[in-house]
Amino acid sequence: MSAQRGGALLLKMDISGTMTTIGGLRSTSITINDEAVDITNKDSGSSRTLLPSGGVLSMSISASGVFTDATSETTLRSKVHQSTFESYNVVIPDLGTYAGTFMIASLEYAGEFNGEVTYSITLESSGAITFTSA
């Protein structure tokens, strides 16, 4: 994968059956975790032993941006109070798309005296995560 523009990494959510880019975002990051399961015992000597494929695979998405009143941004904000799970995609240019069901774990608003109001959001996966190559 060659170098890419950060603005090309997109977060999309399902709005009425259409995957729609969330408006106003300035930064987006994903973290893929595969929880380690330690099975070290007396027979392991002085080395840690992990259980292959024993952990829980999960993904966290963090994003932040400015208010634009785009339909996708408004929809995203309305979901935080519903404790529901929604479909999201993270598009990584020239690599592919991660897709799954996520809940909004946190939503934060911030603003400086002489600046714009911003928001940041954290999503946590629930269920399987798929990857489709570009």
Side-chain angles (χ1 to χ4, degrees):
M1 182 172 105
S2 61
Q4 300 291 320
R5 287 180 38 251
L9 193 149
L10 302 175
L11 177 59
K12 297 182 174 216
M13 70 181 300
D14 184 350
I15 299 177
S16 302
T18 301
M19 293 310 287
T20 306
T21 301
I22 297 174
L25 289 180
R26 289 183 171 170
S27 68
T28 305
S29 66
I30 64 170
T31 303
I32 302 169
N33 295 304
D34 189 6
E35 178 185 9
V37 177
D38 189 340
I39 59 169
T40 306
N41 57 62
K42 291 180 181 182
D43 294 329
S44 300
S46 61
S47 299
R48 178 174 72 169
T49 305
L50 298 177
L51 179 64
S53 301
V56 175
L57 181 64
S58 65
M59 181 181 283
S60 298
I61 302 172
S62 297
S64 62
V66 296
F67 293 108
T68 62
D69 285 332
T71 302
S72 57
E73 176 199 327
T74 304
T75 302
L76 182 72
R77 284 187 306 217
S78 72
K79 300 291 183 186
V80 74
H81 301 292
Q82 297 176 6
S83 298
T84 60
F85 296 96
E86 304 292 332
S87 295
Y88 291 87
N89 287 357
V90 177
V91 180
I92 304 172
D94 289 348
L95 183 63
T97 301
Y98 285 98
T101 304
F102 293 80
M103 66 170 268
I104 298 174
S106 68
L107 173 65
E108 178 181 329
Y109 300 100
E112 298 295 325
F113 171 74
N114 60 345
E116 70 281 3
V117 173
T118 60
Y119 71 99
S120 61
I121 193 156
T122 302
L123 306 171
E124 295 291 339
S125 67
S126 177
I129 306 227
T130 61
F131 177 76
T132 306
S133 296

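Values reported hereafter were calculated over all heavy atoms of this structure, with side chains retained and with hydrogens, waters and symmetry mates removed. Remember, predicted model here, so these are calculated numbers, not experimental data.
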Residue pairs meeting side-chain hydrogen bond (donor to acceptor under 3.5 Å, both in side chains), one or both in residues 51-62, sequence neighbours left out, come to Ser60-Glu124
ring-ring contact (aromatic ring centres under 6.0 Å, His included) pairs touching residues 8-61, sequence neighbours excluded, are none
So the ring-ring contact (aromatic ring centres under 6.0 Å, His included) pairs with at least one residue in residues 40-69 (sequence neighbours excluded) are Phe67-Tyr109, Phe67-Tyr119
Subject >> Under 3.5 Å side-chain donor-acceptor pair for Ser27 and Ser64 >> reply: yes
Residues at least two apart in sequence or cross-chain that pass ring pair (Phe, Tyr, Trp, His ring centres under 6.0 Å) with Phe85, listed by chain then number, are none
Applying side-chain contact (heavy atoms from CB on, under 4.5 Å) to Ala134 and not counting sequence neighbours gives none
Fellow cluster residues of [X], listed by chain then number, with links counted only when side-chain atoms sit under 4.5 Å apart:
X: Val66; value: none
X: Val56; value: none
X: Val91; value: Leu10

Pairs where [range] contributes a residue and the test salt bridge (charged side-chain N to carboxylate O under 4.0 Å, His left out) is met, not counting sequence neighbours:
range: residues 54-67; value: none
range: residues 101-116; value: Arg26-Glu116
range: residues 37-65; value: none

- Test item: Ser47 side-chain N/O and Gly45 main-chain N/O as donor-acceptor pair under 3.5 Å: no
Quiz: residues 98-107 side-chain donor-acceptor pairs under 3.5 angstrom, not counting sequence neighbours:
unit_1: Ser106; atom_1: OG; unit_2: Thr122; atom_2: OG1; d: 3.3

